[in-house]
Amino acid sequence: MSYLPDIEAQKLLEEAKKVSENTYSPYSHFPVGAAVLTADGTIVCGTNVENASYGLTICAERIALGQAVSIGKTNIKAIAVYCKTNGSAPCGACRQFIIEFGKEVVVIFMNGEELVQRTIQELLPYAFTKEAMG
Ligand code: THU
């Protein structure tokens, strides 16, 4: 298990909080920010992007991971997720999206006052992954 030192996890959450200010969430008014830490120490951020066709909304986690891939960084160490209610565990779809990048990716979020770190495998046991496809 390779959780981050709390100080680093908090720093990543701060980045997630900062980027949440750029949210495009005129329908839910629920800003979310995500900050991805790549293996080489790069931090890549994203926020949720909503749409008038509600179902097309993209979560912050997926925007951030897409941005990391787009700059050539697919070795993902951790992802921090921020929302103002401090209950920002990633949604089910995002868990599936995160585990694509490895079962040991560390997910960081607040659960009330508690800073939580869990591997994505802990958040999504028995996941369907590329290994299952042989
Ligand atoms: N949202 C995220 O960005 N990440 C999640 O893991 C859960 C939900 C966004 C989607 C939508 O814009 C808003 O939060 C309300 O669901």
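In each ligand, atom 1 is the first atom listed, and ligand 1 is the first ligand listed. Numbering of residues begins at 1 and proceeds along the displayed sequence.
- Taking both residues in full, the closest heavy atoms of Ile76 and Ala68 are given as CD1-CB, 4.1 Å, listed atom of the first, atom of the second, then distance.
- Summarising the geometry of Phe30 relative to Lys84, their closest heavy-atom pair is CD1-CE, 4.5 Å, with the distance given to 0.1 Å.
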Evaluate side chain to side chain contact (heavy atoms under 4.5 Å, CB included) for Cys45 paired with Gln67, printing each intermediate quantity in order. CA-CA 7 Å; Cys45 295; Gln67 175 72 358; over 6 Å; no
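- Ranking the protein heavy atoms by distance from atom 10 (C) of ligand 1 puts Thr57 CG2, 3.8 Å first.
- Contact annotation for Cys91 and ligand 1: heavy atoms of both the backbone and the side chain come within less than 4.0 Å of the ligand.
- Between Val32 and Thr23, the shortest heavy-atom distance links the atoms N-OG1, 4.3 Å.
- Within ligand 1, the atoms closer than 4.0 Å to a non-hydrogen atom of Pro90 are 6 (O), numbered from 1 in the order shown.
- Looking only at protein heavy atoms, the nearest one to atom 9 (C) of ligand 1 is Asn48 ND2, 3.6 Å.
- Of all protein heavy atoms, the one lying nearest to atom 8 (C) of ligand 1 is Cys59 SG, 3.9 Å.
- The protein atom (non-hydrogen) at minimum distance from atom 12 (O) of ligand 1 is Glu50 OE2, 2.4 Å.
- At the shortest separation from atom 4 (N) of ligand 1 among protein heavy atoms lies Glu61 OE1, 2.8 Å.
- The single protein non-hydrogen atom nearest to atom 14 (O) of ligand 1 is Phe30 CD2, 3.5 Å, given as residue, atom name and distance.
- Distances shorter than 4.0 angstrom do not occur between any heavy atom of Ser25 and any atom of ligand 1.
- With rounding to the nearest 0.5 angstrom, the CG atom of Leu65 is 11.0 Å from the OG1 atom of Thr74.
- Considering backbone and side-chain N/O of Ala60, one or more are found under 3.5 Å from N/O of ligand 1.
- Counting only heavy atoms, the protein never gets under 4.0 Å from atom 16 (O) of ligand 1.
- Between the side chains of Thr129 and Glu131, at least one donor N or O lies within less than 3.5 Å of an accepting N or O.
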Trace of the side-chain hydrogen bond (donor to acceptor under 3.5 Å, both in side chains) decision for Asn51 with Ser53: CA-CA 5 Å; Asn51 192 273; Ser53 178; 4.5 Å; no
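- Pairing each heavy atom of Cys91 with each of Cys59, the nearest pair is SG-SG, 3.9 Å.
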